[in-house]
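Ligands are counted one by one from 1 in listed order, and the atoms in each one are counted from 1 as well. Values below: all heavy atoms of this structure, side chains included; hydrogens, waters and symmetry mates excluded.
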Amino acid sequence: MTATSGIYLILATLTHSCTIQTRGRKFELSPGWYFYCGSAMNNLSARVNRHFYTEKKHHWHIDYLLDKAKVAAIVPYVVSDNQMEHELAKILSKTPGLTGISGFGAGDCQCDTHLFFADSLCVQGIFHRLLARQIEITVAKLRKRYIGIETPVEKFRKPWELLVSCIISLRTKDEVTGPAAARLFKEAPGPKELMALSEETIEKLIFPAGFYKTKARNLKKVAEIVHTEYHDMVPEDKDKLLAMPNVGIKTANLVLADGFGHFEICVDTHVHRISNRLGWIRTATPEESEKALKILLPRSVIREVNGLMVKHGQNICKPRKPMCKNCLIKSLCLTGIADETHSS
Ligand code: SF4
């Protein structure tokens, strides 16, 4: 672990009842499991090691506890936003099976306590919820930053428009996709009109989109399918969408999420790259990211993540040189924190 900032969760056992007398308070503790949450805004690694190995200094409440208890595990969580310590305490206070020891180690902060007695072990669930909360906070910051800013393709919101514009957008920049889709919709607003156009006409309308010849051929086929099999209505069904030419999981999820309000995530290169940089997931391909994010992302944000990350990826978190110094979510990002640590 590098010298960096973060929060941590200590899991400790008390084998006997005991009284802990700190400078200001007296706590009667029963035997059992205890969860303690803390933060280290300068050196997380040193703090964790201190709790594991060093002599107790009787400086903090946790020192008094660790004099009597045995540390079973310490789970560090790298983040430089100290708000997350309160979020962790909040999650612990709402976790079934945990009871807060009021006033323990929280004298100088807004939490009621940092120590919780446990009648069950639920570490994994706690950290899953902590990450979900961190994701919500990160998305809220991005939402505030990019509110009112529209990419050239975001004006297309109906299922048919989303399907067609997403096919055109594959390996093509938004600045090219937006006008190309607009030209096509002007000539052919629906599937019936599009299937009536020749491939050559479609090619001319969507040029210079990448692979415009293949896309023109496939768009015509997609129009025929939607017209003849689905009565001009884009099907609200992933398998039916995936059966169409040029439609992959990314396009299908975009249509379902933005066109029909399903809880799906469209993972393009921006979402794949930024989610990994943030430390939300560790995946090698967008396909793996799609599966991981579908499980991880709270429903409250899942449909927004694509649009926000596209804008953040185009402006700040660029593929080659992310501009971490100017990034408003740096304190919630593993890469941003590492960048700060190395440059300080
Ligand atoms: S801190 Fe850097 S890596 Fe993290 S999201 Fe911002 S620009 Fe991207």
Salt bridge (Lys or Arg N to Asp or Glu O under 4.0 Å) assessment of E224 paired with K221: CA-CA 5 Å; E224 281 162 9; K221 281 187 199 151; over 6 Å; no

task: Dump the intermediate steps for salt bridge (Lys or Arg N to Asp or Glu O under 4.0 Å) on K311 and E304, then the final yes or no.
output: CA-CA 11 Å; K311 287 170 197 139; E304 287 175 274; over 6 Å; no

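In the model, S17 has no side-chain atom that pairs as donor or acceptor with a side-chain atom of E28 under 3.5 Å. For the residue pair D174 / S169, no side-chain donor-acceptor distance below 3.5 Å is found, with atom types taken as modelled.
Look at E288 and K291 and you find no salt bridge, because none of the NZ, NE, NH1 or NH2 atoms lies under 4.0 Å from a carboxylate O.
Listed for the R129 side chain is no donor-acceptor partner under 3.5 Å among the backbone atoms of L92.
Around atom 2 (Fe) of ligand 1, protein N, O or S atoms at less than 2.8 Å number 1.
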